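Since the model is a prediction, treat every value here as computed from it, not as a measurement.
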Amino acid sequence: LRQIKGFMSRGPVSNDFYRSAARYAEFASWLHQDLGNISAALPWINRAQKWAEITNDPLLISYILVRKASQVMEGGHSELAVLLSARAGVGDLTFRARALATQQEAHAHAVLGDERSCLDRIESAKEFVSLSDRRNEEGPGRYCVPAYIEMQQATCWLRLDRPHLALQVFAGGLRDLPDVHHRDKGVYLATYAQALIAAEKPDEAVDA
């Protein structure tokens with residue numbers, strides 16, 4: 001971080017530099033989030049947002065807003081997560097970027113107990129990711145494929161305290177998840193196990 005700030009202090013720098021700095025800061029925030037340290041993640045995602053906005057790159061700004069929404073939601077601020085996700089879905093974006101924003105908004109609604117808004121956002125995300133696949137869109141969020149949205153829907157059902165519905169979705173989503181998504185599969189299997197526990201199926205949870 002000192003090196004990045006030092007370089008910036010020397011004078012004008014290019015958009016490519018700010019774009020790289022924003023992606024670096026976003027990744028650092030994700031690493032802290034993955035360790036469960038949201039208080040350490042948020043300063044990094046705030047830096048990422050600040051540097052991304054300098055570039056005026058709508059895709060980068062949208063992606064970072066989605067990541068920030070995820071972190072503030074985990075930090076107990078789901079109302080703010082709804083606003084950030086909604087903002088992330090506005091502008092000159094790819095369908096995949098819109099899918100990421102709407103699925104994140106769905107999670108925030110689920111945490112708030114708003115089932116109708118959650119399901120509406122999930123259905124929108126499914127439509128967006130389908131359109132994106134037809135166009136072979138590039139850019140941030142290439143991991144956002146149809147099976148990814150299925151996993152998010154299952155997780156939302158679990159957040160809404162509907163584990164039996166979550167299990168129905170997990171069955172297809174886990175099967176269709178691309179083989180290269182090794183780490184994600186581990187995360188989803190753990191969430192699947194949580195759903196099995198909530199559905200009072202402890203032996204199957206152990207197997208998962």
Side-chain angles (χ1 to χ4, degrees), residues 26 30 33-34 58-74 78 81-91 93-196 198-199 208:
E26 181 276 318
W30 178 83
Q33 181 183 8
D34 205 44
L59 286 177
L60 180 60
I61 294 169
S62 175
Y63 185 72
I64 287 173
L65 285 173
V66 169
R67 299 294 307 118
K68 185 172 182 177
S70 171
Q71 291 173 17
V72 300
M73 185 186 75
E74 288 191 26
S78 295
V82 169
L83 296 176
L84 289 169
S85 301
R87 181 182 166 194
V90 175
L93 305 173
T94 61
F95 286 115
R96 199 172 305 279
R98 295 185 191 281
L100 278 173
T102 51
Q103 65 81 30
Q104 183 56 56
E105 187 179 348
H107 280 286
H109 285 302
V111 173
L112 292 169
D114 187 346
E115 181 174 317
R116 182 172 181 177
S117 295
C118 171
L119 297 181
D120 175 71
R121 296 290 80 198
I122 284 291
E123 290 306 312
S124 294
K126 288 181 180 179
E127 293 175 13
F128 287 141
V129 82
S130 177
L131 290 167
S132 179
D133 275 1
R134 290 179 211 166
R135 298 188 178 193
N136 295 314
E137 290 180 331
E138 295 295 327
R142 282 174 289 181
Y143 57 84
C144 185
V145 296
Y148 174 85
I149 299 298
E150 291 291 317
M151 294 293 91
Q152 305 317 306
Q153 181 179 8
T155 304
C156 283
W157 278 127
L158 188 56
R159 294 187 191 278
L160 289 164
D161 197 25
R162 306 285 290 275
H164 290 89
L165 291 175
L167 293 177
Q168 293 176 21
V169 181
F170 270 124
L174 284 168
R175 181 190 63 240
D176 297 336
L177 196 68
D179 291 337
V180 296
H181 291 199
H182 300 296
R183 185 186 179 284
D184 284 350
K185 187 173 183 179
V187 172
Y188 301 144
L189 281 170
T191 310
Y192 177 50
Q194 289 180 310
L196 287 165

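The shortest non-hydrogen separation linking Gly141 to Tyr63 is N-CE1, 4.1 Å. Summarising the geometry of Leu93 relative to Ala88, their closest heavy-atom pair is CD1-O, 3.2 Å, with the distance given to 0.1 Å. Contact between Ala108 and Ser78 at its shortest, heavy atoms only, is CB-O, 3.7 Å. Here the shortest heavy-atom pairing between Gln71 and Trp30 reads NE2-N, 4.2 Å. Nearest approach of Ile149 to Ala125, heavy atoms of both residues: CD1-CB, 4.0 Å. Minimum heavy-atom separation, Arg98 to Gly91: NH2-O, 2.7 Å.
Sorted by first and then second residue, the salt bridge (charged side-chain N to carboxylate O under 4.0 Å, His left out) pairs with a member in residues 59-73 read Glu26-Arg67; sequence neighbours excluded.
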Identify each donor-acceptor pair in which a side-chain atom of residues 172-181 lies under 3.5 Å from a protein atom, sequence neighbours left out, and give them as a table.
none

List the atom pairs, with distances to 0.1 Å, where a side-chain N or O of residues 157-169 and a protein N or O form a donor-acceptor pair under 3.5 Å, not counting sequence neighbours.
residue: Arg159; atom: NE; partner: His107; partner atom: ND1; Å: 3.0
residue: Arg162; atom: NH1; partner: Glu115; partner atom: OE1; Å: 2.7
residue: Arg162; atom: NH1; partner: Glu115; partner atom: OE2; Å: 3.2

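Using the six-membered ring where Trp is involved, Phe95 and Phe128 have ring planes that are parallel, under 30° apart on the 30 and 60° scheme.
Tyr188 has its ring centre no less than 6.0 Å from the ring centre of Phe170.
With values rounded to the nearest 0.5 angstrom, Ser85 atom OG is found 10.5 Å from Leu100 atom CG. Note: Tyr148 OH to Met151 CE = 11.5 Å, rounded to the nearest 0.5 Å. Of the inter-residue distances, the one linking Glu150 atom CD with Ile122 atom CD1 reads 9.0 Å to the nearest 0.5 angstrom. With rounding to the nearest 0.5 Å, the separation of CD in Gln104 from NE2 in His109 is 11.0 Å.
Contact check on Arg121 versus Asp114 returns no salt bridge, with no Lys/Arg side-chain nitrogen under 4.0 Å from an Asp/Glu carboxylate oxygen.
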**Prompt:** Taking it one step at a time, do Asp120 and Glu123 satisfy side chain to side chain contact (heavy atoms under 4.5 Å, CB included)?
**Reply:** CA-CA 5 Å; Asp120 175 71; Glu123 290 306 312; 5.8 Å; no

Q: Please assess Arg96 against Arg135 for the test side chain to side chain contact (heavy atoms under 4.5 Å, CB included), listing each intermediate value before the final yes or no.
A: CA-CA 10 Å; Arg96 199 172 305 279; Arg135 298 188 178 193; over 6 Å; no

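Side chain of Thr191 to backbone of Val187: a donor-acceptor contact under 3.5 angstrom is found.
For Lys126 and Gln103, the side-chain atoms include no donor-acceptor pair closer than 3.5 Å.
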